[in-house]
Amino acid sequence: MIPFNHLGWIFKTFGPVIYPQSVRVSLCDFLEPLKLHATVLDVGGGTGVMCEFAHTCRDDLNLTVVDPAEGMFKYAKTYVKTQKGSAEALPFEDNSFDILLMGEALHHFKDIEKALKETSRVLKKNGSLFIYDFDVNTFRGKSICTAEKLLGEPGNFFEPEALRILLESYGFSAGFKQHGWRYTMHAQLKR
Ligand SMILES: C[S@@+](CC[C@H](N)C(=O)[O-])C[C@H]1O[C@@H](n2cnc3c(N)ncnc32)[C@H](O)[C@@H]1O
């Protein structure tokens, strides 16, 4: 297992490098239509790096990170709320958030089915979901997947089209954008 609880400084230092500019632009485009003070939950958000990117384009947003590794939280900005918890059992009421973010986190979730059920439970009506992850159908994506599995991680990586179809089965309409060996998934609940 990767000891995320002790790796906050790495994610804080290298976060901006891991998220290429094109991904940050896609995130800002996705956030643009949200209403003022919309509620955002960053699942597996770690130090809140994705919330920081969100804040640069929409500083009105109400940002929360949920993550099992509390050690990451000491690096979070003061405008980001933090809550210990896992994607498979989100510690929030039904219909709590306008949007969920998952940045390089989905592949760490042990039970994707439970995590997606929880995602749609805590999202408000017509809520949206933004995922950023590595494409397992590329050489670099495959290599990272293999390395993570060797480290005892779940390695639940997807090809974007397979994830898009899976999200549709959970009531989302979804599309994706390829960023080289990475992708962003842009989905909206149809209820
Ligand atoms: C590669 S880090 C990414 C952190 C952050 N999103 C970023 O981009 O810097 C993966 C994160 O997923 C978290 N994580 C692992 N298993 C999880 C689970 N079951 N539910 C929610 N988060 C989880 C880890 O603790 C870690 O903070």
Apply ring-ring contact (aromatic ring centres under 6.0 Å, His included) to residues H107 and F158 and explain how you reach the verdict. CA-CA 8 Å; H107 63 263; F158 289 88; 10.0 Å; no
So D67 and K84, salt bridge (charged side-chain N to carboxylate O under 4.0 Å, His left out) or not? Walk me through it. CA-CA 5 Å; D67 199 293; K84 186 176 182 184; over 6 Å; no
Under the criterion ring-ring contact (aromatic ring centres under 6.0 Å, His included), I'd like the reasoning laid out for W181 against F134: C-alpha separation, chi angles, the key distance, then a yes or no. CA-CA 6 Å; W181 55 284; F134 310 139; 5.1 Å; yes
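Side chains of T39 and N62: a donor-acceptor N/O pair is absent below 3.5 angstrom, by distance only. In this structure, a donor-acceptor pair under 3.5 Å is absent between the side chains of K110 and N156. For the residue pair Q178 / D135, a side-chain donor-acceptor distance below 3.5 Å is found, with atom types taken as modelled.
Between P20 and Y132, the shortest heavy-atom contact is CD-OH, 3.3 Å.
The 12-atom threshold is not exceeded at NZ of K77, counting heavy atoms of other residues, nucleotides or ligands nearer than 6.0 Å. For K114, the NZ atom is loosely surrounded, since the number of other residues' heavy atoms within 6.0 Å does not exceed 12.
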Side-chain donor-acceptor distances from residues 48-57 under 3.5 Å, at least two apart:
{"from": "E52", "atom 1": "OE2", "to": "K12", "atom 2": "NZ", "distance (Å)": "2.5"}
{"from": "T56", "atom 1": "OG1", "to": "F53", "atom 2": "O", "distance (Å)": "2.5"}

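Legend: residues meeting side chain to side chain contact (heavy atoms under 4.5 Å, CB included) with P91, ordered by chain and number and at least two apart, are V66, Q83.
R164 has a carboxylate O that lies under 4.0 Å from a charged side-chain N of E168, or vice versa, which qualifies the two as a salt bridge. By the 4.0 Å N-to-carboxylate-O rule, R182 lies too far from D133 to be salt-bridged with it.
Within the structure, disulfide (SG to SG under 2.5 Å) contacts touching residues 82-144 (residues at least two apart or in different chains) do not occur.
Ring geometry for F30 against H186 counts as tilted: the plane angle lies between 30° and 60°, on a 0 to 90° scale.
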